[in-house]
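Note that the structure is predicted; figures quoted are calculated from it, not measured. Letters go in sequence order (proteins before strands), and every chain restarts at 1.
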4 protein chains.
Amino acid sequence: MAASRSKAKAAETEAAPAAETKRDAAATRERILVAATQEFADKGYDGARVDEIIRVSQVNKNSLYHYFGSKEQLFTAVLERVYENIRARQSDLSIRSMSPEEGMRTLVEFTARIWEEVPEYNRLLASENLHEARHVRQSERIVPMYNPLLATICELLKRGEEAGVFRGGIDPVDLYISITALSAHYISHRHTFEAIFKTELMTPARLEQRRRHAADMILRYLKA
Amino acid sequence: MAASRSKAKAAETEAAPAAETKRDAAATRERILVAATQEFADKGYDGARVDEIIRVSQVNKNSLYHYFGSKEQLFTAVLERVYENIRARQSDLSIRSMSPEEGMRTLVEFTARIWEEVPEYNRLLASENLHEARHVRQSERIVPMYNPLLATICELLKRGEEAGVFRGGIDPVDLYISITALSAHYISHRHTFEAIFKTELMTPARLEQRRRHAADMILRYLKA
Amino acid sequence: MAASRSKAKAAETEAAPAAETKRDAAATRERILVAATQEFADKGYDGARVDEIIRVSQVNKNSLYHYFGSKEQLFTAVLERVYENIRARQSDLSIRSMSPEEGMRTLVEFTARIWEEVPEYNRLLASENLHEARHVRQSERIVPMYNPLLATICELLKRGEEAGVFRGGIDPVDLYISITALSAHYISHRHTFEAIFKTELMTPARLEQRRRHAADMILRYLKA
Amino acid sequence: MAASRSKAKAAETEAAPAAETKRDAAATRERILVAATQEFADKGYDGARVDEIIRVSQVNKNSLYHYFGSKEQLFTAVLERVYENIRARQSDLSIRSMSPEEGMRTLVEFTARIWEEVPEYNRLLASENLHEARHVRQSERIVPMYNPLLATICELLKRGEEAGVFRGGIDPVDLYISITALSAHYISHRHTFEAIFKTELMTPARLEQRRRHAADMILRYLKA
DNA sequence: CATGAATGAGTATTCATTCAT
DNA sequence: CATGAATGAATACTCATTCAT
């Protein structure tokens with residue numbers, strides 16, 4: 001999304017705006033991806049319409065098929081972008097310089113903030129799981145991205161255990177899934193929860209409460 | 001599902017199996033519901049096909065529309081059935097006679113077992129949330145079903161606090177969402193997790209580990 | 001329609017109203033005809049729905065098919081009833097005792113009143129003509145009904161000519177069609193005329209103006 | 001209709017008839033409109049089938065929906081074309097240069113010729129009125145087309161009155177409706193009239209008699 | 001004879017994808 | 001390589017009519 005805005009600004013400042021959008025293959029690709037991300041997030045894979053993506057991105061239908069091959073491959077490309085961005089955010093954290101407890105709290109809260117700030121990602125992953133991760137498995141780029149995160153968690157657990165602040169015997173995969181679950185499920189299922197519990201879940205105050213709840217739960221679970 | 005199985009079994013043992021399923025409004029409605037539950041769970045609301053539902057349930061297309069009105073209303077009926085069954089399971093627990101800790105562990109583990117045993121429900125709720133709970137809101141029957149569950153949680157919290165085993169100041173809605181999240185997210189997102197972490201998550205042993213992990217996390221969070 | 005009201009009244013005064021409607025074949029037939037007249041007039045033959053007719057008439061679907069055989073035959077029965085009622089109204093006029101001019105004006109104005117008071121008839125005949133009078137031709141009862149009317153017109157023309165008030169050489173069929181056209185077309189096409197000329201055509205005052213216009217036009221046409 | 005005939009003729013004389021009709025948006029649109037006009041006129045709006053229109057026009061179903069949006073909008077487009085053609089014919093008359101009586105007779109006879117030559121229009125308007133002019137009201141193009149015609153009638157009435165050949169106090173809307181009614185109703189209801197009066201109404205001689213009848217009736221009505 | 005469940009052909013409309021220019 | 005027209009299989013939904021009880 002950020003990319004699309006900077007692109008638009010570039011178009012205004014450059015000399016030949018009409019010709020610019022035509023020639024710039026990267027920009028066309030980018031506009032398609034941005035529109036596709038929104039459409040797939042809004043409607044899910046099956047509900048999304050290729051026609052809507054070309055309408056919003058203002059590209060020709062053949063361009064879309066030229067750059068991405070099919071609706072499925074376009075969805076895969078969108079997912080790759082999503083995982084890249086999630087990874088980029090999590091890498092920014094400089095957790096290695098923090099204490100184990102501080103690092104873990106930071107990780108939990110930053111994970112929560114991803115779903116809050118980019119709820120599209122949550123929806124895309126939900127849709128992908130309804131399709132049994134078919135597109136994630138197709139991608140050669142997504143799977144390798146998750147090793148560093150798991151490494152970070154393992155390192156935090158090890159440091160915490162050595163420092164005597166965390167228990168031993170924690171399964172890092174279970175822990176990662178719980179960290180994600182506590183915030184992602186809250187966001188992705190907020191509509192049914194709001195309907196069932198007659199309460200608002202997306203106000204800033206409520207979201208902060210949830211972040212603390214999630215971090216507390218993880219830290220209490222780990223406490224020696 | 002249980003109904004369909006007993007129906008099938010009855011058909012085999014009785015004299016006229018072909019005639020038995022015909023011209024029986026309740027049975028026809030049930031066959032449609034069973035097939036629809038499966039189809040909607042398999043493909044999500046948008047991916048599901050009415051034609052497939054009528055093919056599997058062996059009913060005439062018009063019967064489906066006569067009984068349920070539209071694909072949307074059929075989906076709503078499926079969701080109502082799902083929530084009813086979830087509620088029925090949770091009501092069976094006789095938690096009131098247990099100690100607060102035992103009751104809470106039982107609640108967490110039974111919630112986990114729902115998603116393990118009927119993963120269809122998980123998928124239906126995921127699809128419904130992609131549609132922003134549109135059908136849940138339409139239903140007059142679903143919302144009221146959730147009050148008793150929240151009451152049970154509040155009662156457990158109160159008893160635990162009075163007995164000095166649980167902390168005070170716990171938000172019951174946050175707690176409910178976390179209980180659900182820890183097991184449901186594990187199941188619903190297992191496909192991406194399995195792809196990313198190259199590990200099996202649905203073996204009996206692994207599921208038991210997850211159940212204990214979730215219960216431990218909740219109980220440690222509540223411990224005074 | 002009048003028939004249906006008197007029927008309803010009868011039901012109220014009799015002893016066993018529940019049993020009465022079940023057994024009375026004539027009443028069932030009548031209820032179907034009344035509902036069918038309304039539905040066919042509202043939507044035209046193609047737009048009309050058999051299901052709507054059975055819903056309104058509160059009869060069983062099989063009864064409708066038992067009494068009338070098919071949608072087409074039901075429409076034919078409705079048309080027969082319409083033509084009967086039109087004829088009955090026109091026969092009431094006792095034109096033979098009037099002067100030729102008075103008789104002709106009476107005939108024109110009464111014809112106009114038919115379309116005003118029972119616009120359903122207009123619509124049924126319009127729909128029937130879209131189907132090229134298929135059902136009218138099928139009916140053995142409709143065609144003979146129109147001879148007396150044409151005889152009345154011929155007689156009026158003859159008397160008027162003999163009395164020196166009407167011109168000779170008038171084609172009675174052309175005259176009949178014009179008498180009908182001047183009022184029926186005004187009613188049947190009022191919706192487009194109202195849209196195009198931005199004026200109201202169905203107020204009592206406007207209808208009276210139209211009736212006089214039509215009668216004036218016919219009488220001036222005939223004047224010696 | 002004229003367009004379709006010239007198109008067909010062109011195809012026959014040119015080199016590549018198959019290629020000529022393909023990939024030409026205007027021609028495709030036109031083919032659809034021609035086929036739709038025929039189908040809607042033949043069966044009425046409700047009886048008409050989109051499938052039949054695409055079969056006759058040899059276009060892809062999606063093209064029809066791409067160009068016209070829906071069956072309703074296609075019908076509206078057909079009606080707009082009809083009203084345009086009617087207006088174009090009436091504008092050709094150069095009535096302003098004629099005497100009031102001559103002008104009025106010309107207007108009546110030309111109106112009659114429209115229904116004789118393009119009976120489809122009659123049927124389309126009849127169907128539209130069964131739908132209470134729903135599509136005419138939707139159109140922004142149809143309503144304005146009728147002002148010039150009414151202006152012509154008013155001008156004829158004024159000139160005739162000033163010349164002492166027409167009476168005063170004539171309502172132009174009533175007059176317009178009668179001019180239309182006398183010929184249109186004859187055509188649109190010819191099937192029932194032919195069945196009832198056992199006479200042929202569409203022979204050239206009979207049509208000429210009717211035209212004179214209608215013109216005589218209007219002119220005698222107006223005569224001072 | 002009444003009832004309501006069942007039937008299957010059909011009806012407008014949509015969609016991902018390809019082809020001609 | 002860009003453009004917009006074309007494609008055809010599908011998709012939710014409807015309707016007149018019949019059958020079993």
Check your understanding: OP1 or OP2 of F:dC13 less than 4.0 angstrom from a side-chain nitrogen or oxygen of B:Y65, does that happen here?
Key -> yes
Practice item. Would you mind reading off the distance between C:R29 atom CZ and E:dA2 atom P, rounded to a whole angstrom? Key: 13 Å
Revision key, fill the gap. Rounded to whole Å, the NZ-P distance (B:K43 to F:dT11) equals 9 Å
Practice item. Could you check C:N62 against A:S70 and say which one's nearest nucleotide on DNA chain E is further toward the 5' end? Key: C:N62
Review point. Can you find a side chain N or O atom of B:T28 that sits less than 4.0 Å from OP1 or OP2 on E:dA5?
Key: no
Practice item. Could you check B:D51 against C:D46 and say which one's nearest nucleotide on DNA chain F is further toward the 5' end? Key: B:D51
Check your understanding: Starting at OH of D:Y45 and ending at C1' of E:dT11, how long is that distance when rounded to a whole Å?
Key -> 11 Å
Check your understanding: Any salt bridge between A:R134 and A:E72, counting N to O under 4.0 Å?
Key -> yes
Exercise for review: Name the pairing partner of E:dA9, where a pair is Watson-Crick or G-U wobble with both distances under 3.5 Å, or state none.
Suggested key: F:dT14
Practice item. Starting from P on E:dT18, measure out to CG on A:L64 and report it in whole angstrom. Key: 12 Å
Check your understanding: Choosing from E:dT17, E:dA2, E:dG8, which nucleotide comes nearest the side chain of A:V50?
Key -> E:dT17
Check your understanding: According to the interplanar angle, ranging from 0 to 90°, do the rings of D:H135 and D:Y45 count as parallel (below 30°), tilted (30 to 60°) or perpendicular (above 60°)?
Key -> tilted
**Study point:** Rounded distance in Å - CD (B:E39) to C1' (F:dA12)
**Key:** 13 Å
Exercise for review: To the nearest Å, give me how far apart CZ (B:F40) and C1' (F:dT11) are.
Suggested key: 13 Å
Review point. Heavy atoms under 4.0 Å, any strand shown: does D:A26 hit a base, just sugar-phosphate, or nothing?
Key: nothing
Check your understanding: In Å, rounded to the nearest 0.5 Å, how long is the span from CG of C:L79 to CG of C:L125?
Key -> 6.5 Å
Revision key, fill the gap. Across every strand shown, the nucleotide meeting Watson-Crick or G-U wobble geometry with F:dA20 (both distances under 3.5 Å) is E:dT3
**Study point:** Closest to side chain of A:N60, choosing from F:dT7, F:dA12, F:dG4
**Key:** F:dG4
Review point. Roughly how many Å is it from CD1 in A:I54 to C1' in F:dG4, rounded to a whole number?
Key: 10 Å
Review point. After noting the C-alpha distance and the side-chain angles of B:D46 and B:H131, does the key distance pass the side-chain hydrogen bond (donor to acceptor under 3.5 Å, both in side chains) rule?
Key: CA-CA 10 Å; B:D46 289 304; B:H131 285 270; 2.8 Å; yes
Exercise for review: Decide, yes or no, whether a salt bridge links C:R55 with C:E52 under the criterion of side-chain N to carboxylate O below 4.0 Å.
Suggested key: yes
Review point. OP1 or OP2 of F:dT14 less than 4.0 angstrom from a side-chain nitrogen or oxygen of C:R49, does that happen here?
Key: no
Point to revise | Touch class at under 4.0 angstrom, heavy-atom based, for D:F68 against every strand present | key: nothing
Review point. Among the nucleotides F:dT17, E:dT18, F:dA12, which one has an atom lying closest to any side-chain atom of B:K71?
Key: F:dA12
Check your understanding: Is a donor-acceptor contact shorter than 3.5 angstrom present between the side chain of A:K61 and the base of F:dT3?
Key -> no
Revision key, fill the gap. Correct closest heavy-atom pair for C:L124 and C:V82 would be CD1-CG2, 3.5 Å
Check your understanding: With a non-hydrogen cut-off below 4.0 angstrom, is D:H66 in contact with a base, only sugar-phosphate, or nothing?
Key -> sugar-phosphate
Exercise for review: Round to the nearest Å and state the distance from C:Y67 atom OH to E:dT3 atom P.
Suggested key: 10 Å
